[in-house]
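What follows is one structure encoded as structure tokens, with my remarks underneath.
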Amino acid sequence: MTEPQIVFIGAGNMARALISGMRQQGIAGPNIQVHAPSNLHRGALAEEFGVRSCPAQAEKLPENSVVIYAAKPKQMPAVLKEWRDSLRSASALFVSVAAGISSAQITTLLGEETPVVRAMPNTPAQIGAGATSLFATATVSANQCDTVQQIFAGVGKVFWLHDEALMDTATALAGSGPAYVLLFLEALEDAAVLQGLDRVTARALALQTVLGTAQMAAANSASPSELRHQVTSPGGTTAAGLAVWEEQLRPLAQRALAAAAERGRILSQLLKTTA
Ligand SMILES: NC(=O)c1ccc[n+]([C@@H]2O[C@H](COP(=O)([O-])OP(=O)(O)OC[C@H]3O[C@@H](n4cnc5c(N)ncnc54)[C@H](OP(=O)(O)O)[C@@H]3O)[C@@H](O)[C@H]2O)c1
């Protein structure tokens, strides 16, 4: 397969994570172009990863292009108005990582015939450890699905969803998830410091515990619940700590995912009112 030209609209955190992963997977720098208004982020990406840095304006796209929208959701109507003709004339595949924006909203902006994939990656993509949920509209061909699969599998694990409504949940879980895990690390570290451990050791212990446990769970066919029971002796220290977590953690997780999913729906509504 000829390597597609990958065009990023947006040069921020998510574009950086994906480009970093793609370059590590051997996609050549000149096959990636990055469009953004200021040179600040795209210039840095060009310097670091050898990608082509371009102003925000739309340009003529080669056939077989994959355009990845990685600017903010609310900017999409204005940006796509400018890109619509180039996308149409190249029959480009449009991939959106914008949280909350539905494929129907995108095809309203670009035309019903535009092949659209919604992707929800997360920032561990920058070290090849991302989790990306994907949803393809009916106009996306099997070959185009393979191309998208190849791009995102290069930066971590890929999960295809067949019900677009669940993209908001996938976003709330995995798109926003790294920040939850980082908050959990901070909280563990702070709690250990409060008990007298020095910060450097507390941070390293918390990090290695979360990392080691995630690796252990990934390497094991048992469920997290089964593994947890294996390490919890009745009346022991773990049981004492778990009793406290159990009081709050599940309702908190439900509220956090509900709030994040709702925010995705609000972002989508905002787009409707500005389109
Ligand atoms: N961050 C995450 O963890 C995460 C996870 C999943 C999905 N997402 C999605 O990824 C998208 C980007 O998020 P982010 O965190 O990477 O945002 P960000 O760091 O704020 O980056 C936004 C980028 O968009 C560029 N931009 C602004 N106006 C533009 C225009 N008219 N044309 C082209 N580019 C334009 C900005 O340009 P300048 O460089 O000139 O400022 C900047 O490079 C969002 O839709 C978000 O929902 C993010």
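These numbers come from a predicted model, not from an experiment. FYI, side chains are in, hydrogens and waters are out, and symmetry mates aren't considered; it's all heavy atoms of this structure.
For residues 208-242, no pair satisfies ring pair (Phe, Tyr, Trp, His ring centres under 6.0 Å), with sequence neighbours left out. Listed by first and then second residue, the salt bridge (charged side-chain N to carboxylate O under 4.0 Å, His left out) pairs that reach into residues 11-25 are Arg16-Glu48, sequence neighbours excluded. Note on residues 133-156: no pairs pass ring pair (Phe, Tyr, Trp, His ring centres under 6.0 Å), not counting sequence neighbours. Counting only residues at least two apart or on different chains, no salt bridge (charged side-chain N to carboxylate O under 4.0 Å, His left out) pair has a member in residues 150-159.
For the atom pair CZ of Arg203 and CG of Leu188, the computed distance is 12.5 Å after rounding to the nearest 0.5 Å. The CG atom of Leu205 lies 11.5 Å from the CG atom of Leu185; values are rounded to the nearest 0.5 Å. Leu87 CG to Ile106 CD1: the interatomic distance, rounded to the nearest 0.5 Å, is 11.0 Å. Atom OG of Ser86 is separated from atom NZ of Lys60 by 9.0 Å, given to the nearest 0.5 angstrom. With rounding to the nearest 0.5 angstrom, the CD1 atom of Ile6 is 9.0 Å from the CD1 atom of Ile19. Note that NE2 of His41 and CG of Leu45 are 8.5 Å apart. Values are rounded to the nearest 0.5 Å.
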Item to check | Trace of the side chain to side chain donor-acceptor pair (under 3.5 Å) decision for Ser225 with Ser223 | outcome: CA-CA 5 Å; Ser225 171; Ser223 69; 4.7 Å; no

Next on the checklist: Between Met22 and Ile68, does the side chain to side chain contact (heavy atoms under 4.5 Å, CB included) criterion hold? Intermediate values first, please.
Outcome noted: CA-CA 13 Å; Met22 286 172 187; Ile68 301 181; 3.9 Å; yes

Checklist entry - Which is it for Val148 and Ile151 under the side chain to side chain contact (heavy atoms under 4.5 Å, CB included) test, yes or no, and what are the steps along the way? => result CA-CA 5 Å; Val148 175; Ile151 289 172; 5.6 Å; no

Item to check | side chain to side chain contact (heavy atoms under 4.5 Å, CB included) between Leu93 and Val140, worked out | outcome: CA-CA 8 Å; Leu93 172 62; Val140 180; 4.3 Å; yes

Checklist entry - Run the side chain to side chain contact (heavy atoms under 4.5 Å, CB included) check on Met167 and Met120 step by step: do they pass? => result CA-CA 8 Å; Met167 281 301 281; Met120 185 42 60; 3.9 Å; yes

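In this structure, the side chain of His35 engages the main chain of Pro55 through a donor-acceptor pair within 3.5 Å. A side-chain donor-acceptor contact under 3.5 Å links Thr107 to the backbone of Ala104. Ser96 contributes a side-chain N or O that, together with a main-chain N or O of Ala98, makes up a donor-acceptor pair within less than 3.5 Å. Judged purely by atom type and a 3.5 angstrom limit, Asn122 has no side-chain atom pairing as donor or acceptor with the backbone of Gly130. Between the Gln126 side chain and the Ser20 main chain, no donor and acceptor come within less than 3.5 Å of each other. In this structure, the side chain of Gln144 engages the main chain of Ser141 through a donor-acceptor pair within 3.5 Å. Judged purely by atom type and a 3.5 angstrom limit, Arg118 has no side-chain atom pairing as donor or acceptor with the backbone of Val97.
With contacts defined as side-chain heavy-atom distances shorter than 4.5 Å, the pair Gln5/Gln33 qualifies. Ile266 has its side chain within reach of Glu262: a pair of non-hydrogen atoms, C-beta onward, lies under 4.5 Å apart. Between Val67 and Val95, every side-chain heavy-atom pair lies at or beyond the 4.5 Å cut-off. Leu211 has its side chain out of reach of Thr209: every pair of non-hydrogen atoms, C-beta onward, lies at least 4.5 Å apart. Taking the side chain as every heavy atom from C-beta outward, Ser133 and Trp160 never approach each other to under 4.5 Å.
Salt-bridge formation is detected for the pair Asp190/Arg199: a Lys NZ or Arg NE/NH1/NH2 atom is positioned less than 4.0 Å from an Asp or Glu carboxylate oxygen.
Here the shortest heavy-atom pairing between Gly10 and Val34 reads O-CG1, 3.7 Å. Closest approach of Gly175 to Pro178, counting heavy atoms only: O-CD, 3.6 Å. Between Ser53 and Ala46 the shortest heavy-atom distance is CB-CB, 3.8 Å. Across all non-hydrogen atoms, the minimal contact from Met14 to Pro121 is SD-CG, 3.6 Å. Here the closest heavy-atom approach between residue Ala260 and residue Tyr180 is recorded as CB-OH, 3.5 Å. Closest approach of Ala15 to Phe8, counting heavy atoms only: CB-CD2, 3.9 Å.
Glu59 pairs by the salt bridge (Lys or Arg N to Asp or Glu O under 4.0 Å) definition with Arg52, not counting sequence neighbours. With sequence neighbours left out, the side-chain hydrogen bond (donor to acceptor under 3.5 Å, both in side chains) criterion links Thr201 to Asp198. Arg42 is linked by a salt bridge (Lys or Arg N to Asp or Glu O under 4.0 Å) to nothing, counting only residues two or more places apart in sequence or in another chain. Partners of Ser102 according to the side-chain hydrogen bond (donor to acceptor under 3.5 Å, both in side chains) rule, which considers only residues two or more places apart in sequence or in another chain, are Gln105. For the side-chain hydrogen bond (donor to acceptor under 3.5 Å, both in side chains) test, no residue two or more places apart in sequence or in another chain qualifies with Arg84.
Phe49 is connected to Leu18 through a chain of hydrophobic side-chain contacts under 4.5 Å among Ile, Leu, Val, Met, Phe, Trp and Tyr, so both are in one cluster. Linking ILVMFWY residues whenever their side-chain heavy atoms come closer than 4.5 Å, directly or via other members, leaves Leu80 and Val66 in distinct clusters. By the criterion of side-chain heavy atoms lying less than 4.5 angstrom apart, applied directly or through intervening Ile, Leu, Val, Met, Phe, Trp or Tyr residues, Val210 is grouped together with Leu207 in one hydrophobic cluster. A single hydrophobic cluster is not seen to contain both Leu173 and Leu166; linkage of ILVMFWY side chains at heavy-atom distances under 4.5 Å, directly or through other members, places them apart.
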Identify all side-chain donor-acceptor contacts of residues 250-258 below 3.5 Å with residues at least two apart in sequence or on another chain.
residue: Arg250; atom: NE; partner: Glu246; partner atom: OE1; Å: 3.0
residue: Arg250; atom: NH2; partner: Glu246; partner atom: OE2; Å: 3.0

List, one per line, each side-chain donor-acceptor pair under 3.5 Å for residues 236-245, sequence neighbours excluded.
none

Residues 109-117, side-chain donor-acceptor partners within the protein, below 3.5 Å, at least two apart:
residue: Thr114; atom: OG1; partner: Leu110; partner atom: O; Å: 3.2
residue: Thr114; atom: OG1; partner: Gly111; partner atom: O; Å: 2.9

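Classified by interplanar angle (parallel below 30°, tilted 30° to 60°, perpendicular above 60°), the ring pair Tyr69/Phe94 is tilted.
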